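The structure presented is a predicted model; accordingly, all values stated were derived computationally and were not measured.
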Amino acid sequence: MLVTNEPKVKQNSLRAICAGLLLAFSWPTYGFSFLIFFSLVPLLLLVESIQEDQMGKKRGRIFLFSYLTFLIWNCISTLWIKEASVFGATFAIACNSLFYTLLITLYSWVQTRMAKKSAYLFLVALWMAFEKFHLDWEFSWPWLNLGNAFANTTQWIQWYEFTGSFGGTLWVLIVNIIALGGVQHYLKTRKIKSSLRKAIPVLFWIAIPIAISLLIYTQRPLSEEKVLVTVLQPNIDPYQKKFTTTNVQLLEKITEIAKTELKQNPKFLLTPEGYLDEGFGLDLLAYKTTPIREVIGSFNTTYPKTALLTGAQSYRIYAQAKKAPTRTANQTQNGVWYDIYNSAFQFENNIEDQYYHKSKLVVGVEYMPYKHLLKPIMGEFLLDFGGTIATRGIQKKRSVFTSSKGISTAPIICYESIYGSYVTEYVRNGAQFLSIITNDAWWGNTQGHQQLLSYARLRAIENRRAVARSANTGISAFINSRGEIEKSLAYEAQGALIHSNELTKKLTFYTVYGDYLARWSFLIFGLLFLIALSGRSKSQAAF
């Protein structure tokens, strides 16, 4: 028979809610980053409280309370997804909350089989390994990785050039575990003075990384080598006007909006993701002979010193294919196979066209995860997130676009800017600055577009590359290599920005070695999990 304790249930409910609120209110862009250092303490207290009580079904109760915590965090931080699709938001929030809940549930099991300090180490390794896994598998949704919490407090994390955002995740977990010890001491002793002494290590672990970051900040000058770049913000409603405007009209709009900036002969002009999106897009095998390419050529002739970097839908038809030629290929009702892409193109006078296909795609909106396994069972069900009707194609390697002057940039498309190690591939391939083209208008005037802009600041620090960002409805911006926004256009403003963007060739430690902290975490997690599974440390378990 299950023994219940109503006051204990209320206490744990409050702790679960408190943890969820602390996580949510530490999140960019409205949150206060400092709260992240204590956000997990109520949840960890809850877990240990349940482990020590006399009630049954411990693992089930930990699961339910933890799910409440992560559901609150996900809802407050990412509910804006519903602007594109209510089903998509429900699915993403429910699943992501479940994933984090499973982490805490597994950690609670390990607590019963290992010494307390070993269990804490397991939690750190498990959390970081999951974040890395969440970056790479086909259900990827790393929006809430803990290291992202500092996206608006970039002066605290200049050392991300050595660790990437996983350094931030490690920092947050360590401080929360140390803070947990201080809170537990106070709850047991009710002695304020000794509890404050316990808080000294917490302050130390918070202050020292910030001090190191400020030192790096003051010692790292901005690059003196510059390139003049213009970013366009056309402010086109994607739900109403976007698909009724022809590509020719969109090209004319460029000169209409950016006429003043184009007179200054920028070396690059950026337009948003999917800007040329009329019909099925550009046929990769035949677009060079189409009227739209002639119009683009006319633009290049008029502005011969400017490389046009624009987003466009494109496709490739496999007329002779009898079976799927790629993992992402779709089939028409007539049995013809084709791939459709969310692409970036660079057009410049007297230079061969360059293009790149977006390869970190949004689950459901742009592709069906594990399509070869799920489609025979579910059809196109998972594509009902408010996005496309066909899975998008990808490419294996990151392309960089090089201008006639030998200047190279990374054509990063929207969602790709969340992925730290992924962006380093562009930089290792020679990108001297980062170009981000995006269309965040699907989410409306919510936190979504602001958070995505903030995450671009992390990529700037990690790689020490300036960012030029063109967003359809905003926020278009220029970000320097310290992660500071130097210029921006307000949301839903129509216009263009021009700026002398930094150029850098030197590679950072993180650019070279990527998510090495996460790779080590996989190893540590695996070793500790095997030890816990074997029961060899059970006699030393904390509970």
Checking side-chain polar atoms at under 3.5 Å, does [X] have a donor or acceptor matched by the opposite partner on [Y]?
X	Y	answer
N349	Y303	no
E83	T446	no
N480	E486	yes
E484	Y217	yes
Q447	T29	yes
S399	Q395	yes

Salt-bridge test for [X] and [Y]: reply yes if a basic N is under 4.0 Å from a carboxylate O, no otherwise.
X	Y	result
K132	D136	yes
K405	E348	no
R220	E161	yes
D353	R293	yes

When you measure from the side chain of [X] to the backbone of [Y], do you find a donor-acceptor pair of N or O atoms at a distance under 3.5 Å?
X	Y	answer
T508	K506	no
R465	A431	yes
S408	V400	no
S343	Q313	no
N330	D339	no
S488	S476	no
R469	A477	no
S77	N74	no
S213	I157	yes
Y491	G444	yes

Atom [atom1] in [X], atom [atom2] in [Y]: separation rounded to 0.5 Å?
X	Y	atom1	atom2	result
L23	S39	CG	OG	4.0 Å
K505	S223	NZ	OG	10.0 Å
E502	E225	CD	CD	10.5 Å
K267	S500	NZ	OG	10.0 Å
I351	T402	CD1	OG1	8.5 Å
L144	E131	CG	CD	9.5 Å

Side-chain heavy atoms of [X] within contact of [Y], under 4.5 Å:
X	Y	value
L146	I36	yes
Q233	Q494	no
I479	L453	yes
I461	W159	no
F478	V229	yes
V467	R459	no
Y355	Q346	no
K358	C414	yes

Please name the pair of heavy atoms, one in [X] and one in [Y], separated by the smallest distance, quoted to 0.1 Å.
X	Y	value
S97	I93	OG-O, 2.7 Å
G420	E462	CA-OE1, 3.6 Å
F166	L517	C-CD1, 4.0 Å
N235	E492	ND2-O, 2.9 Å
W337	A321	CD1-O, 3.6 Å
Q264	L228	O-CD2, 3.5 Å

Side chain to side chain donor-acceptor pair (under 3.5 Å) against [X], all qualifying residues, sequence neighbours excluded:
X	answer
N463	T511
E416	Y356, Y422, Y426
W156	none

Indicate the ring-plane relationship of F345 and Y287, choosing parallel, tilted or perpendicular according to the 30° and 60° boundaries.
perpendicular
Please evaluate residues N334 and T332 with respect to the criterion side-chain hydrogen bond (donor to acceptor under 3.5 Å, both in side chains), reporting the C-alpha separation (whole Å), side-chain torsions for both, the decisive distance (0.1 Å), and the verdict.
CA-CA 5 Å; N334 296 328; T332 68; 4.8 Å; no
Checking side-chain hydrogen bond (donor to acceptor under 3.5 Å, both in side chains) against Q451, which of W443, W143, Y30 comes through?
W143
Under the side chain to side chain contact (heavy atoms under 4.5 Å, CB included) criterion, do D515 and L135 qualify, and how do the steps go?
CA-CA 11 Å; D515 294 332; L135 285 165; 4.0 Å; yes
Going by ring-ring contact (aromatic ring centres under 6.0 Å, His included), F150 matches just one of Y455, Y160, F37. Which one?
F37
The single option from L489, I257, I437, T310 passing side chain to side chain contact (heavy atoms under 4.5 Å, CB included) against L232:
I257
So if I apply the side chain to side chain contact (heavy atoms under 4.5 Å, CB included) rule between L276 and each of T246, L251, V248, which one comes out positive?
L251
Ring centroid separation [X] to [Y] under 6.0 Å:
X	Y	result
W442	W80	no
F509	Y516	yes
W141	Y100	no
Y338	F280	no

Between S435 and T409, is a side-chain hydrogen bond (donor to acceptor under 3.5 Å, both in side chains) present by the stated rule, with each step listed?
CA-CA 6 Å; S435 293; T409 188; 2.7 Å; yes
With a 6.0 Å cut-off (strictly less than), is the heavy-atom count around NZ of K487, excluding the residue itself, greater than 12?
yes
Could you check whether K360 makes a cation-pi contact with Y419, meaning its NZ or CZ is under 6.0 Å from the centre of the six-membered ring and within 45° of the ring axis?
yes
